[in-house]
Amino acid sequence: MDNAVKTALEGVGIDVQEALDRFMGNEALMMRFLTRFPQDLNFSALRKAVDAGDAAQAFTAAHTLKGVVGNLSIHSLFHPVSAMVEDLRRGDLSSASQQMGALEAQYLQVVSALEHLQ
Amino acid sequence: MKDTLRKTLLVVDDEEINCAILSNIFAPEYEILTASDGLEALDLIETHRNRLSAVLLDVIMPRLNGIQVLRTLRQQGLLNTIPVFLITADSEGTTMREAYDLGVMDIIFKPVVPYIVRRRVNSVVELFQARKQLSAEVVRQRDQLLLQTQKLAELSMGMVESLSTAIEFRSDESGEHVRRIHDITTYLLTNTPLGQGIPPDQIRLIGIGAITHDVGKISIPDAILNKPGRLTPEEFELMKSHTVKGAELLSKIPQMREHPAYSYAYDIALHHHERWDGKGYPEGLVGDQISIWSQIVSLADVYDALVSKRCYKDALAPKKAMEMILNGECGAFNPLLLDCFQTTEPVLRTFYHLNQEGGTPNG
């Protein structure tokens with residue numbers, strides 16, 4: 001992998017080496033899922049459900065999003081999303097909603113870095 | 001054979017990235033099947049149940065979730081033969097508890113760490129394979145043992161028969177004699193009230209016991225055994241000793257003593273010349289003191305001697321032989337035994353016809 005690319009990904013909180021290990025060193029496979037992340041619908045589904053006050057739907061979206069960012073070792077999103085999953089599991093929509101802004105800012109940074117790869 | 005060589009793994013997850021990561025980890029060693037929800041998973045398990053090495057199962061999925069899949073597999077009893085691993089993103093208590101209660105093999109957390117998930121899955125798959133091979137081996141060895149036991153039983157039966165036939169040959173009788181005594185005895189026990197209450201396996205053992213009834217004749221000198229004329233009283237006394245000698249001989253062969261037919265063989269060798277009225281030998285037993293099998297062998301022995309040619313006499317017609325027995329010319333017999341004998345004699349007679357034509361009666 002290009003060092004500049006690696007630096008850019010690490011700059012937005014992606015542990016490239018850990019993700020690569022998870023894909024058993026299969027860089028092409030990892031890159032396929034990384035570059036597809038901006039099209040992943042779970043973040044917008046989460047935001048819509050939180051805005052609509054639908055805790056159950058918000059939980060499902062957050063849970064799936066957690067799985068995806070975990071697999072891709074996007075630590076900058078994994079930790080805030082995990083916290084939100086636990087809030088939503090308890091049905092605590094207001095706490096989740098308070099974190100939404102910070103999460104979105106972080107999300108946009110990651111998406112922007114990934115879109116630059118293409 | 002092919003199925004056991006190629007290990008197959010089913011990955012169940014609605015998220016493509018999870019399926020991709022797990023498939024990528026196991027693809028070098030396994031043929032990978034994937035399902036994107038619980039219903040699809042159950043379909044695939046149903047189709048491939050005999051060749052699945054393990055199932056990796058997500059929890060939260062559309063249509064049918066992982067816990068529901070586990071419940072169904074448990075109902076079908078499949079969790080004992082196919083190890084199922086729950087792959088979950090959260091360590092929430094109730095789900096894990098329920099999964100373990102249902103019989104899940106292990107729980108692996110997402111995001112997975114490849115070397116850990118590989119080690120845990122492979123260890124269990126190897127364990128299940130070893131267990132399967134071991135139980136197949138146990139079944140194979142058990143079958144082999146049964147076969148050997150059967151062969152041994154046949155061999156020992158053959159030895160007993162050979163010994164008895166060899167002794168019969170000395171007295172110039174055909175080897176068919178022991179065979180016929182066996183056949184008549186088992187026929188009467190199986191097909192008349194005489195055998196009431198005696199199970200088939202015991203009748204089989206009595207048949208073996210009947211074969212050795214005359215082994216004691218090995219101790220009788222040729223001059224007496226094959227004497228064409230009447231025996232002197234001294235000679236007759238010696239001849240009578242073949243009963244006691246026979247029982248003694250059987251009791252001195254350890255392998256015979258341990259044989260399940262031994263008690264019958266001993267009793268028949270000793271008592272097959274006793275008579276219902278107590279005028280037989282060697283013990284002069286009366287009536288029911290003589291076992292029913294010894295009584296039957298006595299009668300069969302007399303009948304066979306009458307209708308066969310011997311060194312001291314010609315063969316009699318079966319009708320004549322039966323008359324002599326019923327008249328009491330050959331000593332007294334149990335009335336019930338005579339009754340059964342009279343009824344079945346037309347069948348017993350055919351054993352001889354069959355033998356002349358080279359067949360073997362009664363199997």
Side-chain angles (χ1 to χ4, degrees), chain A residues 13-43 45-46 56-91 114, chain B residues 9 11-30 32 34-38 56-68 85-98 107-122:
Chain A
I14 301 174
D15 188 333
V16 176
Q17 190 53 52
E18 189 189 87
L20 199 54
D21 285 346
R22 187 166 295 114
F23 285 93
M24 305 287 286
N26 188 338
E27 194 180 310
L29 189 61
M30 177 188 76
M31 288 309 285
R32 210 176 90 206
F33 282 102
L34 267 178
T35 52
R36 260 164 48 176
F37 181 69
Q39 285 94 57
D40 186 278
L41 297 175
N42 283 297
F43 181 79
L46 171 63
Q57 201 61 49
F59 172 75
T60 306
H63 186 268
T64 313
L65 184 62
K66 178 187 162 189
V68 176
V69 299
N71 276 329
L72 295 171
S73 292
I74 309 176
H75 292 321
S76 53
L77 294 178
F78 185 71
H79 299 299
V81 173
S82 297
M84 207 178 275
V85 166
E86 293 321 306
D87 286 341
L88 291 167
R89 194 195 301 283
R90 290 192 311 270
L114 290 174
Chain B
L9 191 72
V11 178
V12 189
D13 204 307
D14 58 323
E15 282 297 311
E16 194 194 342
I17 186 169
N18 287 324
C19 280
I21 288 171
L22 290 169
S23 301
N24 188 50
I25 291 171
F26 289 101
E29 294 155 279
Y30 294 83
I32 310 288
T34 57
S36 58
D37 66 55
L56 308 185
L57 185 63
D58 184 24
V59 182
I60 299 179
M61 291 182 292
R63 297 214 288 170
L64 199 68
N65 69 37
I67 294 294
Q68 290 168 310
F85 294 81
L86 210 62
I87 311 287
T88 177
D90 40 50
S91 51
E92 207 237 320
T94 55
T95 305
M96 290 206 297
R97 183 60 196 261
E98 189 173 8
I107 295 176
I108 292 170
F109 294 106
K110 282 188 286 201
V112 300
V113 182
Y115 76 92
I116 294 177
V117 69
R118 248 178 93 185
R119 171 64 68 85
R120 281 161 77 175
V121 170
N122 283 342

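Chain naming here is simple, since letters A, B, ... match the order of the sequence lines and numbering starts at 1 in each.
- The pair A/Glu18-A/Arg22 meets the salt-bridge criterion, with a side-chain N (NZ, NE, NH1 or NH2) lying under 4.0 Å from an Asp/Glu carboxylate O.
- To the nearest 0.5 Å, atom CE of residue B/Met61 and atom OG1 of residue A/Thr64 are 12.0 Å apart.
- No salt bridge links B/Asp14 with B/Arg63; every basic N to acidic carboxylate O contact stays at or beyond 4.0 Å.
- Only the backbone of A/Asp21 comes within contact range of chain B, with at least one heavy atom under 4.5 Å from a heavy atom of that chain.
- Using a 4.0 Å cut-off between a side-chain N of Lys or Arg and a carboxylate O of Asp or Glu, A/Arg36 and B/Glu16 qualify as a salt bridge.
- Interface residue B/Ile60: only side-chain heavy atoms are found under 4.5 Å from chain A.
- Counting heavy-atom pairs closer than 4.5 Å to chain A, the top residue among B/Ile25, B/Val113, B/Asn24, B/Val112 is B/Asn24.
- With a threshold of 4.5 angstrom between heavy atoms, A/Phe33 approaches chain B through side-chain atoms but not through N, CA, C or O.
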